[in-house]
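Note that ligands are numbered from 1 as they come in the structure, with each ligand's atoms numbered from 1 the same way.
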Amino acid sequence: MARNKMLRFTTLEQEYPTKRPAEMRREDFDEIYTAFEPEKAADQASRCEQCGIPFCQIHCPLGNNIPDWLMLTASGRLEEAYAVSSATNNMPEICGRICPQDRLCEGSCVLEQSRHRAVTIGSVEKYITDTAWAEGWVKPVVPDAENGLSVGIIGGGPAGMAAAEQLRGKGYAVHVYDRHDRIGGLLIYGIPGFKLEKYVVERRVKLLQDAGVVFHPNTDVGKDISFADLRARHDAVLVATGVYKARQLTCPGAGLTGVHKALTYLTASNRVGMGDSVPAYESGELNAAGKNVVVIGGGDTAMDCVRTAIRQGAKAVRCVYRRDRENMPGSQREVANAVEEGVEFVWMAAPEALLGDADHKVTAVRAIKMHLGVADSSGRQSPQPIEGSQFTMDADLVIEALGFEPEDLPVYFNEPELAVTRWGTVKTDHKTLMTSIPGVFAAGDIMRGASLVVWAVKDGRDAAERIHQYVTAKAAADKSAPALAQAS
Ligand SMILES: Cc1cc2nc3c(=O)[nH]c(=O)nc-3n(C[C@H](O)[C@H](O)[C@H](O)COP(=O)(O)OP(=O)(O)OC[C@H]3O[C@@H](n4cnc5c(N)ncnc54)[C@H](O)[C@@H]3O)c2cc1C
Ligand code: SF4
């Protein structure tokens with residue numbers, strides 16, 4: 001392959017991999033972007049300015065060495081690019097697919113700031129690692145020697161998976177316990193295939209298995225095995241359980257039939273996509289086909305619900321959000337994709353009541369228009385209802401996508417000593433990442449609140465490092481204790 005010079009942003013336009021036409025995307029759950037052609041990936045990487053202070057790297061939660069792997073890709077040195085990229089990230093092809101790059105690396109790219117439009121960092125990252133998989137460069141992290149110590153990880157989402165790989169590489173016996181039948185957390189059961197096809201996650205899980213990580217699926221810690229038992233089994237425990245308590249509507253009619261939580265709906269759809277039999281989908285309860293669907297919320301979860309409903313063949317899909325497009329928490333890129341696929345957005349509106357028929361089944365959403373009032377303590381303008389502006393939308397399926405909170409873990413684990421914040425997230429020491437219980441650490445959404453995959457990976461890696469420091473220091477202290485006792 002030709003070796004590209006860098007700084008080609010003055011002559012080359014920004015180009016993302018081809019997006020499949022919306023009419024085609026509506027018909028299946030496959031990813032919407034096709035792969036980069038090798039020449040195209042090298043060209044796009046060569047647009048990088050190689051700046052002295054790489055803001056892309058600073059604003060990547062993992063501190064990925066982006067300028068270096070762009071330069072290596074532009075030069076056709078893909079195996080080296082993969083080595084650099086995978087040195088800081090346990091799942092670069094996953095982050096490349098689903099990070100909201102417009103808010104992270106690409107949004108901070110100096111080219112974006114100077115109106116030349118960002119380097120397509122995420123797409124190149126995906127290209128590098130997909131190529132590495134195809135070429136057989138991705139290898140299980142098998143340690144040189146076992147260190148005789150073990151760590152139990154509760155939760156097989158991205159935080160748990162990243163920690164597992166890091167710890168296994170250091171020679172720990174690593175056991176991951178998950179209440180689900182499949183490993184992957186929200187990568188498997190939350191995020192739909194059109195953003196992240198499942199084989200991409202499954203091959204990562206297999207890689208960990210090949211490295212010797214032991215998975216215990218269908219094991220709900222707190223129910224199937226006690227937290228105390230787990231602590232007794234391992235030298236350290238990592239809590240990486242994510243956040244799963246869905247916020248729910250409180251307006252009249254919220255309990256009607258046909259009103260569902262976002263994750264219930266998405267999990268059913270993901271299961272069907274993986275070939276599972278899901279009675280609530282087969283009965284039509286969790287299937288949007290032929291229905292008027294209203295999704296309430298404006299985050300990534302809401303975007304995934306509306307786009308899933310489109311693919312299931314809904315009659316109409318509306319997304320109701322109480323702020324405007326600029327102020328919604330979801331990625332702008334995902335909103336644009338949803339619009340292309342036929343979703344109607346009802347901005348600046350909030351549900352006032354859900355209306356039902358004699359059988360207690362939802363038939364409509366009565367909403368009220370909002371305007372943005374004065375900013376609250378967080379600096380965001382708070383939405384205020386406009387009196388007399390009520391309107392009604394037909395609805396046979398209403399999906400609540402209002403965000404998630406942590407479960408009450410001290411109660412669930414029967415461990416009152418486990419300190420939590422006022423939001424219910426597990427408290428950790430900011431330096432050691434240890435919780436209030438010695439030898440118990442926390443990472444990912446359960447520690448920082450509902451967030452992003454890239455942050456979960458970062459937390460998992462950091463926790464693995466701190467666990468290693470703690471366990472090795474403790475093992476050394478335990479070893480020297482008898483000697484000290486003898487000497488004194
Ligand atoms: C619908 C949806 C779409 C999203 N889209 C994006 C996106 O596009 N980009 C992005 O970056 N982020 C996205 N996110 C956020 C992202 O998925 C999370 O931030 C990330 O998965 C958190 O990782 P985690 O490992 O902390 O938790 P999780 O992925 O939630 O994994 C936690 C695991 O712990 C297990 N578990 C929980 N309790 C127990 C227990 N008691 N015993 C055993 N196992 C237990 C669960 O079964 C689960 O497998 C999305 C989230 C949702 C809900
Ligand atoms: S991990 Fe996410 S933020 Fe970091 S470079 Fe990749 S796409 Fe950008």
Please check: side-chain N/O of E405 versus main-chain N/O of T425, any donor-acceptor pairing under 3.5 Å?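 Not a single qualifying donor-acceptor pair exists.
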
For [atom], which candidate among [options] provides the closest heavy atom?
{"atom": "atom 42 (N) of ligand 1", "options": "V221, I183, I94, V176", "value": "V221"}
{"atom": "atom 52 (C) of ligand 1", "options": "D459, T301, L230", "value": "T301"}
{"atom": "atom 36 (N) of ligand 1", "options": "T241, I154, I98, L196", "value": "T241"}
{"atom": "atom 28 (P) of ligand 1", "options": "W455, F404, Y265, Y244", "value": "Y244"}
{"atom": "atom 51 (C) of ligand 1", "options": "D304, I188, L186, D300", "value": "L186"}
{"atom": "atom 19 (O) of ligand 1", "options": "D224, N218, D445, I225", "value": "D445"}
{"atom": "atom 6 (C) of ligand 1", "options": "I446, N270, L266, I191", "value": "I191"}
{"atom": "atom 47 (O) of ligand 1", "options": "D178, L104, I153, V239", "value": "D178"}
{"atom": "atom 21 (O) of ligand 1", "options": "P217, G185, P158", "value": "P158"}

Closest non-hydrogen atom pair, R97 against R333: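 Scanning both residues completely, I find the closest heavy atoms to be O-NH2, 4.1 Å.
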
Starting at CD of E125, measure out to SG of C60 and round the result to the nearest 0.5 Å.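 Here the rounded value is 7.0 Å.
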
May I ask you to list the atoms of ligand 2 that are less than 4.0 angstrom from any heavy atom of C95? 1 (S), 7 (S)

Any idea which atoms of ligand 2 are less than 4.0 Å away from a heavy-atom of V454?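 Close to V454: 1 (S).
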
Report the nearest protein non-hydrogen atom to [atom]: residue, atom name, distance rounded to 0.1 Å.
{"atom": "atom 15 (C) of ligand 1", "value": "S451 O, 3.2 Å"}
{"atom": "atom 31 (O) of ligand 1", "value": "G157 CA, 3.4 Å"}
{"atom": "atom 25 (O) of ligand 1", "value": "A159 N, 3.0 Å"}
{"atom": "atom 5 (N) of ligand 1", "value": "K195 NZ, 3.2 Å"}
{"atom": "atom 40 (C) of ligand 1", "value": "D220 OD1, 3.6 Å"}
{"atom": "atom 1 (S) of ligand 2", "value": "N64 ND2, 3.4 Å"}
{"atom": "atom 45 (C) of ligand 1", "value": "R179 CG, 3.7 Å"}

Distance only, no hydrogens: is a donor on one side chain within 3.5 Å (strictly under) of an acceptor on the other, for N64 and T88?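 Note: N64 and T88 side chains meet the donor-acceptor criterion.
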
Between C60 and atom 4 (Fe) of ligand 2, is there a contact where an N/O/S atom of the residue lies under 2.8 Å from the metal? yes

Is R311 positioned over the aromatic face of F194, cation under 6.0 angstrom from the ring centre and no more than 45 degrees off axis?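 Yes; both conditions hold, so R311 lies above the ring face of F194.
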
With carbon and hydrogen excluded and only N/O/S kept, which atom of E125 is nearest atom 6 (Fe) of ligand 2? OE1

Quick check: does C105 have an N/O/S atom under 2.8 Å of atom 2 (Fe) of ligand 2? no

Ligand 1 contacted by G222 (non-hydrogen, < 4.0 Å): no

